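The residues of the chain are indexed from 1 along the displayed sequence. Everything numeric in this text was worked out from a predicted model, so none of it was measured.
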Amino acid sequence: MCGIVGIVSQQPVNQEIYDALTVLQHRGQDAAGIVTSDGQKLYLRKDNGLVRDVFQSHHMLRLQGNIGIGHVRYPTAGCSSSAEAQPLYVNTPYGICLAHNGNLTNAAELKEELFLTDRRHLNTDSDSEILLNVFAHELLQQGKLRLSTDDIFEAVSSVHKRCHGAYAAVALISGYGIVGFRDPYGIRPAVYGRRETPEGVDYMMASESVALDALGFELIGDIQPGEAVFIGLDGHIQVRQCAEKPALSPCIFEYVYMARPDSVMDDVYVYKSRLRMGEHLADKILREWPDHDIDVVIPIPSTSRTAAVELAARLDVKYREGFIKNRYIGRTFIMPGQTQRKKSVRQKLNPIDLEFHGKNVLLVDDSIVRGTTSEEIIQMARDAGARKVYFASAAPPVRYPNVYGIDMPTARELIAHGRTEEEIQNLIGADRLIYQDLEDLIAAVNAGNPGIKEFECSVFTGEYITRDVSEDYLQQLELFRSDAAKEERNRLQNEVLELHNAS
């Protein structure tokens with residue numbers, strides 16, 4: 001999961017891209033980057049860290065120009081090295097920078113193609129660099145000294161033919177403008193909008209509509225699956241469908257957890273979809289446990305609040321904020337190691353004892369991934385004096401890894417993989433466990449846009465929408481993505497850094 005933004009304006013864009021990235025910070029806390037252009041040169045600043053830490057005043061002053069793109073990242077694949085921070089740059093042809101959200105499922109084959117056939121060198125293990133080089137090569141294939149918009153759209157069409165998986169991307173082509181495009185399934189989100197100013201019309205693309213809202217842009221709509229949106233330096237915008245068989249299949253986990261509740265994606269209000277998740281979950285409780293003895297509903301902040309509020313109202317049970325969250329601790333399921341993740345839960349949440357003491361508590365979370373956080377929070381509730389602790393998940397059991405840009409654990413590290421709900425309940429220590437049914441989750445999101453005929457639900461079903469994910473691919477993913485593998489890579493990086501500092 002990453003956040004992307006691109007702006008073409010009548011005035012300097014450095015501050016506005018910075019502001020947009022802070023709004024999208026929830027999509028990535030590992031690294032941040034901005035590249036701008038004044039029509040002659042490209043100006044780049046990127047590094048590991050939060051937006052506020054990466055960009056200081058002297059960095060911002062160097063980011064000159066009225067056009068630029070930005071990115072916030074956490075490492076879905078590859079490592080957390082600053083070399084893989086985005087935007088990424090390639091000088092041939094024209095000079096292109098790209099920011100990408102998603103993951104290519106045929107990255108290994110493309111990497112070989114780029115070296116053997118396209119004669120391109122890759123400097124990182126990032127699939128975003130692969131996407132950039134494929135796009136750059138296809139632009140070069142147009143054979144033009146001066147590009148036309150048709151050439152750019154033709155290059156995007158070729159990207160769709162070569163690249164499989166999920167990608168929402170913005171690319172700055174030096175001397176021409178910005179192009180945003182989305183994979184033929186529309187797995188990862190991307191929107192665009194406009195803003196009228198006394199100087200003219202500004203345009204913006206971003207992962208979520210909240211970034212447009214924050215900067216005063218009016219939402220035009222989503223970049224459709226397979227579609228490309230090009231905004232020239234003159235502020236002229238053109239849109240074209242570049243895929244042969246686009247089929248909207250957005251990732252349903254965006255609505256469960258990833259997106260901000262005030263976003264609108266593919267015409268679905270995320271907040272409303274989460275309210276409906278709470279309704280469906282309450283209906284399941286009333287259907288399967290009509291004589292429940294729940295005294296109070298408490299959300300595990302903050303993503304689950306919306307569903308929990310509606311669930312409590314539907315059950316006619318008190319809703320209380322029982323945990324106070326430290327905003328300065330990162331999302332736990334993307335922590336690099338199990339020990340650090342478990343330790344961070346107690347740092348992240350602190351219970352208000354009086355809301356738990358002597359009560360039968362229903363804790364509501366958006367989902368259960370590894371289960372270690374859930375287990376720790378249930379124990380915290382017991383330590384705070386709860387008589388019984390029930391647990392509800394607004395999503396179905398997460399049983400399979402995500403291959404489309406969310407750094408979920410390997411299958412073996414998912415608590416629901418290969419286990420029954422009763423076994424999961426015992427492992428996390430709940431007195432009762434209630435999962436959302438997949439049909440109800442789909443209905444909750446689909447109600448916002450009945451035009452969506454299919455969702456990407458692979459983390460729940462193991463059925464991957466691109467139909468190209470083999471067992472061998474998943475096994476390789478497990479070798480690369482497991483906590484042990486990440487810790488080993490971090491250890492090697494630290495050793496290299498220590499040797500560098502010693503020299």
Side-chain angles (χ1 to χ4, degrees), residues 26 253-263 269-286 289 292-333 344-357 359-396 398 425 428-436 440-441 444-445:
H26 62 286
F253 210 73
E254 287 277 358
Y255 301 93
V256 171
Y257 176 75
M258 297 300 177
R260 276 183 38 158
D262 44 345
S263 283
Y269 285 83
V270 176
Y271 176 77
K272 287 284 190 180
S273 71
R274 290 178 184 167
L275 286 177
R276 291 189 289 267
M277 290 175 205
E279 291 175 3
H280 284 292
L281 199 52
D283 289 344
K284 181 175 182 178
I285 291 171
L286 291 172
W289 189 18
H292 71 80
D293 57 352
I294 300 166
D295 295 319
V296 62
V297 171
I298 294 177
I300 298 169
S302 57
T303 324
S304 62
R305 279 195 178 108
T306 311
V309 166
E310 195 66 12
L311 183 150
R314 197 93 160 186
L315 294 181
D316 195 23
V317 171
K318 289 180 180 178
Y319 169 90
R320 291 291 185 267
E321 292 284 343
F323 291 103
I324 300 302
K325 182 178 181 181
N326 180 353
R327 296 181 299 162
Y328 304 102
I329 298 292
R331 289 186 165 187
T332 52
F333 93 77
S344 74
V345 177
R346 295 271 178 175
Q347 297 172 337
K348 181 179 178 180
L349 296 175
N350 191 47
I352 301 174
D353 291 1
L354 63 87
E355 296 297 351
F356 293 90
H357 190 71
K359 297 176 183 177
N360 297 335
V361 178
L362 175 64
L363 301 179
V364 180
D365 207 350
D366 51 75
S367 58
I368 304 172
V369 182
R370 286 180 174 90
T372 50
T373 300
S374 306
E375 179 185 5
E376 193 78 5
I377 289 172
I378 288 169
Q379 187 57 51
M380 289 168 66
R382 293 196 190 282
D383 293 344
R387 184 166 56 239
K388 291 184 180 179
V389 182
Y390 309 124
F391 203 96
S393 168
V398 176
Q425 175 182 310
I428 65 175
D431 291 299
R432 187 163 187 146
L433 174 62
I434 305 101
Y435 272 111
Q436 184 88 265
D440 287 340
L441 175 61
V445 182

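- Taking the charged nitrogens against the carboxylate oxygens, Asp431 and Arg382 do have a contact shorter than 4.0 Å, which makes a salt bridge.
- For the atom pair Arg274 CZ and Leu311 CG, the distance stands at 15.5 Å (nearest 0.5 Å).
- In this structure a side-chain-to-backbone donor-acceptor pair under 3.5 Å is missing from Gln436 to Ala395.
- To the nearest 0.5 angstrom, Lys284 atom NZ is 8.5 Å from Ile434 atom CD1.
- Side-chain contact check for Ile368 versus Leu433: some heavy-atom pair is nearer than 4.5 Å.
- Between Phe253 and Tyr257, the ring-plane angle classifies as tilted under the 30° and 60° cut-offs.
- Side-chain atoms of Asp365 never come within 3.5 Å of backbone atoms of Ser393 as a donor-acceptor pair (strictly under, hydrogens ignored).
- Rounded to the nearest 0.5 Å, atoms CG (Asp383) and CD1 (Ile377) are 12.5 Å apart.
- Taken to the nearest 0.5 Å, the CZ atom of Phe391 stands 9.0 Å off from the CG atom of Leu362.
- Nearest heavy atom pair, residue Ala259 against residue Val270, reads CB-CG2, 4.1 Å.
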Set out, in order, the CA-CA distance, both residues' side-chain angles and the distance that settles side chain to side chain donor-acceptor pair (under 3.5 Å) for Asp293 and Tyr390, then state yes or no. CA-CA 10 Å; Asp293 57 352; Tyr390 309 124; 2.6 Å; yes
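- Using a cut-off of 4.0 Å between Lys/Arg side-chain N and Asp/Glu carboxylate O, Glu310 and Arg314 are scored as not salt-bridged.
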